[in-house]
Amino acid sequence: MPGRQNYPQEYVDYCQQQIESQLSEMRDMPPVPTSFAQRLAAHLIIVMDACFAQRVRGADASPLNEVRVLAHSLMQGTTVVEDSTIEWTPHDLVLGLEIDDDIALSVSDVDRLQQAFFAEMNDKHAV
């Protein structure tokens, strides 16, 4: 299947609303074990990537590619896995993770990343 260059603005907005709603619910939950909160946060990264799985991607260090690499890494384990097709420069990324770093995300981490991710989606791919 060929990649998609654009997504309807309504779809991008809907996806962002769903992620933000889930983040809000996570903030409102009673205290839970850190490992459980980290798994929920990781699942949101995977969902963000899945919403735009057919997106044509560049090779730059961007929030879009950061989400893609983290999602694929999380589906394989708990560390950042190198993707040779993406230029991974931690100082240009939202979370600044290095290849082989443990992925232990907080709600705040996911919120910062989703804001950058959807800003870029709106700028480059929403019509």
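Along the sequence shown, the residues carry numbers beginning at 1.
- A donor-acceptor contact shorter than 3.5 Å is absent between the side chain of Asp102 and the backbone of Ala104.
- Without hydrogens or angle criteria, Glu66 side chain to Val94 main chain gives a donor-acceptor distance under 3.5 Å.
- Inter-residue side-chain proximity for Ile103 and Leu74 is flagged as met; some heavy-atom pair is nearer than 4.5 Å.
- Hydrophobic clustering of Ile, Leu, Val, Met, Phe, Trp and Tyr side chains at less than 4.5 Å, counting indirect connections, keeps Leu97 apart from Val81.
- Proximity of the aromatic rings of Tyr14 and Tyr7 is defined here by a centroid distance below 6.0 angstrom, and this criterion is not met.
- Put simply, CD1 on Ile45 and CG on Leu113 are 4.5 Å apart, with the number rounded to the nearest 0.5 Å.
- Between Ser108 and Asp111, the side chains place no donor N or O within less than 3.5 Å of an acceptor N or O (distance only, hydrogens not considered).
- Contact record, Glu87 with Ala61: O-CB, 3.3 Å, taken as the closest heavy-atom pair.
- Here CD of Glu98 is found 10.0 Å from OG1 of Thr89. Values are rounded to the nearest 0.5 Å.
- Separation of atoms OG (Ser62) and CG (Asp92) is listed at 10.0 Å; rounding is to 0.5 Å.
- Judged by distance alone, the side chains of Gln16 and Glu20 do bring a donor and an acceptor atom under 3.5 Å apart.
- No donor-acceptor pair under 3.5 Å is formed between the side chain of Asp49 and the backbone N or O of Val67.
- In terms of heavy atoms, Phe118 sits closest to Met48 at CE1-SD, 3.9 Å.
- Trp88 has its side chain out of reach of Asp83: every pair of non-hydrogen atoms, C-beta onward, lies at least 4.5 Å apart.
- Considering CZ of Arg4 and CD of Gln54, their distance stands at 8.5 Å, rounded to 0.5 Å.
- Of all heavy-atom pairs spanning His125 and Gln5, the tightest one is ND1-O, 2.6 Å.
- Among all heavy-atom pairs drawn from Ile99 and Glu82, the shortest one is CD1-CA, 3.7 Å.
- Annotation: side chain of Val110 is not in contact with side chain of Leu40 (no heavy-atom distance under 4.5 Å).
- Between Gln17 atom CD and Ser24 atom OG the span is 11.5 Å, to the nearest 0.5 Å.
- We find the CG-CG distance between Leu44 and Asp109 to be 12.0 Å, quoted to the nearest 0.5 Å.
- Annotation for Leu64 and Arg55: closest pair O-NH2, 3.4 Å, computed over non-hydrogen atoms.
- Listed here is the closest heavy atom pair of Met26 and Ala41: CE-N, 3.7 Å.
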Please lay out, stage by stage, how Asp28 and Glu25 fare under the test side-chain contact (heavy atoms from CB on, under 4.5 Å). CA-CA 5 Å; Asp28 293 341; Glu25 289 175 12; 5.7 Å; no

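- Residues Gln9 and Val127 form no side-chain contact, since every pair of their non-hydrogen atoms from C-beta on lies 4.5 Å or further apart.
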